[in-house]
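Following: one structure in C-alpha cells, then a few remarks.
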Amino acid sequence: MVLFSKFIVATLFTRAIKAQIMPFDAREATVDSVHHALYSGLSTCREVVSSFLARIEAHNNLTNAIITLNPKALTVADELDEQLATGNATGPLFCVPILLKDNYDTVDMPTTGGNLALAKSQPTEDAPSVVAFKKAGAVILGKANLHELALEGISVSSLGGQTINPYDSTRTPGGSSGGTGAAVASSFCVFGTGTDTVNSLRSPASANSLCSIRPTQGLITRTGIIPISYTHDVIGPIARSIKDVAVALTVMASSGYDPADNSTARVPSTIRNVDYAASLTTGSLKGLRLGVLNGFFNRTASAEVTPVNNAMDTLMARLEAEGVTLIPINETIYNATAIQAALDVQRFEYRELFDQYIERPSLAGEHPSTLNELYSHKATNGSGGEFLVIPSQYEYVNTALISSTSNATYLQRQQGIRNLTLALLNTFASNEVDAIIYPEQKNLVVKIGSPSQSGRNGILAALTGTPVVTVPAGFSEPSDDAPIGVPIGMEILGRPWDDEKLLGIGYKIEQLLKVRKSPKWARDIVEVPAYDSVPTVTPDTSAIPSAYPLGTL
Ligand SMILES: *[C@@H]1O[C@H](CO)[C@@H](O)[C@H](O)[C@H]1NC(C)=O
Ligand SMILES: *[C@@H]1O[C@H](CO)[C@@H](O)[C@H](O)[C@H]1NC(C)=O
Ligand SMILES: *[C@@H]1O[C@H](CO)[C@@H](O)[C@H](O)[C@H]1NC(C)=O
Ligand SMILES: *[C@@H]1O[C@H](CO)[C@@H](O)[C@H](O)[C@H]1NC(C)=O
Ligand SMILES: *[C@@H]1O[C@H](CO)[C@@H](O)[C@H](O)[C@H]1NC(C)=O
Ligand SMILES: *[C@@H]1O[C@H](CO)[C@@H](O)[C@H](O)[C@H]1NC(C)=O
Ligand SMILES: *[C@@H]1O[C@H](CO)[C@@H](O)[C@H](O)[C@H]1NC(C)=O
Ligand SMILES: *[C@@H]1O[C@H](CO)[C@@H](O)[C@H](O)[C@H]1NC(C)=O
Ligand SMILES: *[C@@H]1O[C@H](CO)[C@@H](O)[C@H](O)[C@H]1NC(C)=O
C-alpha cells in the first residue's frame with residue numbers, strides 16, 4: 001500500500017516536472033493546437049516560436065526552403081507573452097508562427113523574389129496582407145524560397161538555390177511557392193503564404209500533401225507583392241489542414257477594398273467580412289454534383305502518370321460511395337496546354353507591372369530600377385566570373401522585356417479569356433454542378449533538374465479568376481527515393497465568390513479521406529535550445545541544377 005502511493009506520488013511528480021519543461025510539439029501543429037498550448041498554460045509564446053525555429057535550424061538543410069529568418073521573431077513572441085500574462089491575448093492568429101513567400105513586402109526583412117539583384121531590396125511598408133497578419137497576432141518567422149520571381153514551378157532561385165521536396169529528395173517541391181510548401185510540410189511553421197499566377201498556390205500544396213486556396217480574384221489585395229500579371233495574379237495561404245487555410249484566408253481577406261488594387265472593388269457586399277472557418281462543418285458530401293474534367297487527366301499509362309490516375313480514381317470511387325454524383329465533362333475546350341498557349345497574358349503585363357513595383361519611392365535598399373535593368377544585372381560567382389542573375393530560358397519573359405498591354409495580341413487574348421470564362425460558367429450551369437474536380441498535375445511532381453514543371457492544370461482558374469481549393473488526394477507507391485510515396489493533389493474549382501462553399505467541400509473530403517501524412521524525417525523530435533537571439537539560416541546555392549543555367553554572358 002505504502003509502496004503503491006509512493007509510486008503514484010513519484011509518477012505525479014514526474015508528470016508535473018514534464019508538464020513544466022515539455023517543449024511545445026511543433027510537428028503538425030495547427031492554429032488550434034498552438035492556442036490550446038498557450039491558453040492552458042502549457043507553453044509560452046517564446047517556447048512555441050523557439051520550437052519552430054529549432055526545426056528550421058536542424059532541418060533546413062534537407063529542404064533548403066528558407067531564405068531568411070526574421071531577427072525580430074523572438075522579440076515579438078516576448079511582447080505576445082506580456083499580453084498573455086495580462087489576460088490580453090487577442091487576435092485569431094495570436095502567436096501563430098508563419099512563413100511568407102519571399103515576394104511579400106516586409107519591413108522587417110528584404111523582399112527578394114529569390115533574386116540576387118534584389119537581395120537588398122527593402123520595403124519600408126508591409127504588404128496589406130502582412131499588416132493583417134501582424135494585427136491578427138501572427139509571428140512572422142521569416143521568408144521562404146520560391147521559383148525565382150515566381151516565374152516557373154521548380155522552385156530554384158539564384159539567391160535561395162534549389163528547394164528539395166521533403167517526401168522525395170530527388171524531386172522538386174512544386175512551385176513557384178515551393179519553399180512555402182516544403183516548409184509547411186516539414187512543420188517549419190503553422191502555415192505559410194504563396195502567390196499564384198498560373199499554378200503556384202496549388203502545385204506546392206499538391207506536391208507536399210497540403211491544402212491551399214487560390215481565392216477568387218479580388219478577394220485579397222495584391223498590393224505590396226512582387227507582381228507578374230494583373231489578369232492572373234492572386235495571393236493566398238497554404239496549410240496542413242483546410243481549417244487553417246480558412247482561418248488564414250479570413251485574416252488575409254479582412255483588409256478588404258484597396259484603392260491601389262482595383263480588382264478588390266469586385267467583391268460583392270454579401271461576402272465582406274466572412275469568417276471562412278465558421279461554416280466548414282455544415283452540410284455533407286451527399287447530394288453534391290461534381291464535374292470531372294476528363295481533358296485534365298493524362299490517361300497514357302507511365303510510371304509518372306499512373307499513380308496520379310490511380311489516386312484520383314480511388315478518390316472518385318470514395319466520393320460516389322458517399323452519395324456524390326460525378327458528371328463527366330468532356331468538352332474539348334478544356335485542354336490546359338492549348339488554353340495556356342492561346343490565352344496566357346503574362347508576357348504583355350509583366351514589364352509594366354514590375355516597373356511600377358520597383359519604381360515605388362517607398363522601396364528602399366539597393367535594387368535595379370526597371371525590369372530590363374534587372375535582366376541585365378550581372379553578379380560575380382565564387383571564382384570571380386560574371387553571370388547574369390536571371391537565366392533567359394523563358395521565352396515569355398524575354399518577350400515581356402519588349403511587349404506591352406498595347407500589343408494587339410493582348411486585346412485579342414483578353415477577348416479569348418472573356419469567352420473562356422463564359423464557357424466555364426456555361427459548363428457549371430448546363431451540368432448543374434457545385435464544383436469541378438481534376439488533378440492539379442497530370443503526372444507526379446517533376447524531378448530536380450527538369451527544365452519545367454510539366455503537366456499542371458492551373459491555367460483555367462488563373463485566367464478565369466475562379467476560386468480553387470486544393471486538397472491531398474493520395475500518394476504514389478513508396479520507393480527508395482520516396483519512403484512514404486510522392487504526394488498527389490486535387491483541385492476543386494468553383495464559380496466566382498464560391499470560396500466558402502469550396503472550403504466546405506474540401507473540408508468534408510479531407511475528413512473523409514485523411515490523406516495527409518508528414519514526411520518521414522519530419523517526424524523526428526528536435527531538441528529546442530534556449531535561444532538568445534533568432535538563429536540565421538544560409539540558403540544552399542551550391543547545387544543549382546544545370547537545367548537552370550545562371551545566365552551566361
Ligand atoms: C544537416 O545538418 C545536420 C546538423 O547540422 C547534419 O547532421 C546533417 O548531416 C546535415 N544533412 C545534410 C543532408 O547536409
Ligand atoms: C491589449 O492588446 C491590444 C492589441 O495588441 C493593445 O492595443 C492594447 O494596448 C492592450 N491592452 C493592454 C491593457 O495591455
Ligand atoms: C485597374 O488597374 C489596372 C492596373 O493598375 C489599370 O491598368 C486599369 O486601367 C485599372 N482599371 C480601371 C477600370 O481603372
Ligand atoms: C502523357 O503521359 C505520357 C506518358 O507519361 C507522356 O509521354 C505525355 O507527354 C503526356 N502528355 C501530356 C499532354 O502531358
Ligand atoms: C467522357 O470521357 C470519359 C473518359 O475519357 C469516358 O469514359 C466517357 O465515356 C466520356 N463520356 C462521354 C459522354 O463522351
Ligand atoms: C491539347 O492541345 C495541344 C496543344 O494545342 C494538342 O497538341 C493536344 O493534342 C490537345 N490534346 C487533346 C487531347 O486534344
Ligand atoms: C564562374 O564564371 C566563369 C565565367 O562565366 C566560369 O567560367 C566559371 O566556371 C564559373 N565558376 C563557377 C564556380 O561557377
Ligand atoms: C506582340 O505580341 C506578339 C505575341 O507575343 C509578339 O510576337 C510581338 O513581338 C509583339 N509585338 C510588339 C510590338 O510588342
Ligand atoms: C469570342 O467569342 C465571340 C462570340 O462567340 C467570337 O466572335 C470571337 O471570335 C471569340 N474570340 C476569341 C478570341 O476567342
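Note that ligands are numbered from 1 as they come in the structure, with each ligand's atoms numbered from 1 the same way.
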Sub-3.5 Å N/O-N/O distance, Ser404 and ligand 8: no
Per-atom contacts of ligand 8 with Asn407, taking only distances under 4.0 Å to non-hydrogen atoms: 1 (C), 2 (O), 3 (C), 8 (C), 10 (C), 11 (N), 12 (C), 14 (O)
Worked check of salt bridge (charged side-chain N to carboxylate O under 4.0 Å, His left out) between Glu320 and Lys286: CA-CA 9 Å; Glu320 283 186 305; Lys286 193 173 163 59; over 6 Å; no
Qualifying residues under ring-ring contact (aromatic ring centres under 6.0 Å, His included), relative to Tyr357, sequence neighbours excluded: none
Side-chain H-bond candidate by donor/acceptor type, Glu352 with Thr405, under 3.5 Å: yes
Positive for side-chain contact (heavy atoms from CB on, under 4.5 Å) with Ser129, one of Ile225, Leu100, Thr221, Asp105: Ile225
Quick check for students: name every N or O atom pair between ligand 5 and the protein closer than 3.5 Å, with distances.
| unit_1 | atom_1 | unit_2 | atom_2 | d |
| --- | --- | --- | --- | --- |
| ligand 5 | 2 (O) | Asn294 | ND2 | 3.3 |
| ligand 5 | 2 (O) | Asn330 | OD1 | 3.0 |
| ligand 5 | 2 (O) | Asn330 | ND2 | 2.6 |
| ligand 5 | 11 (N) | Asn330 | ND2 | 2.7 |
| ligand 5 | 14 (O) | Asn330 | ND2 | 3.0 |

Ligand 8 atoms in contact with Arg347 (distance to a heavy atom under 4.0 Å): 5 (O)
Donor-acceptor under 3.5 Å (Ser200 side chain, Ser176 main chain): yes
Polar atom proximity, Gln356 to ligand 3 (N or O, under 3.5 Å): no
Residue Ser403 vicinity, atoms of ligand 8 by number, heavy atom under 4.0 Å: 10 (C), 14 (O)
Contacts of type side chain to side chain contact (heavy atoms under 4.5 Å, CB included), residue Ala239, not counting sequence neighbours: Phe191, Asp244, Val245
Part of Phe348 within contact of ligand 8 (heavy atoms, under 4.0 Å): side chain
Polar side chain donor-acceptor pair, Arg418 to Gln415, under 3.5 angstrom: yes
Distance-only side-chain donor-acceptor flag, Thr370 / Asn372, under 3.5 Å: no
For Phe348, ring-ring contact (aromatic ring centres under 6.0 Å, His included) partners two or more places apart: Tyr410
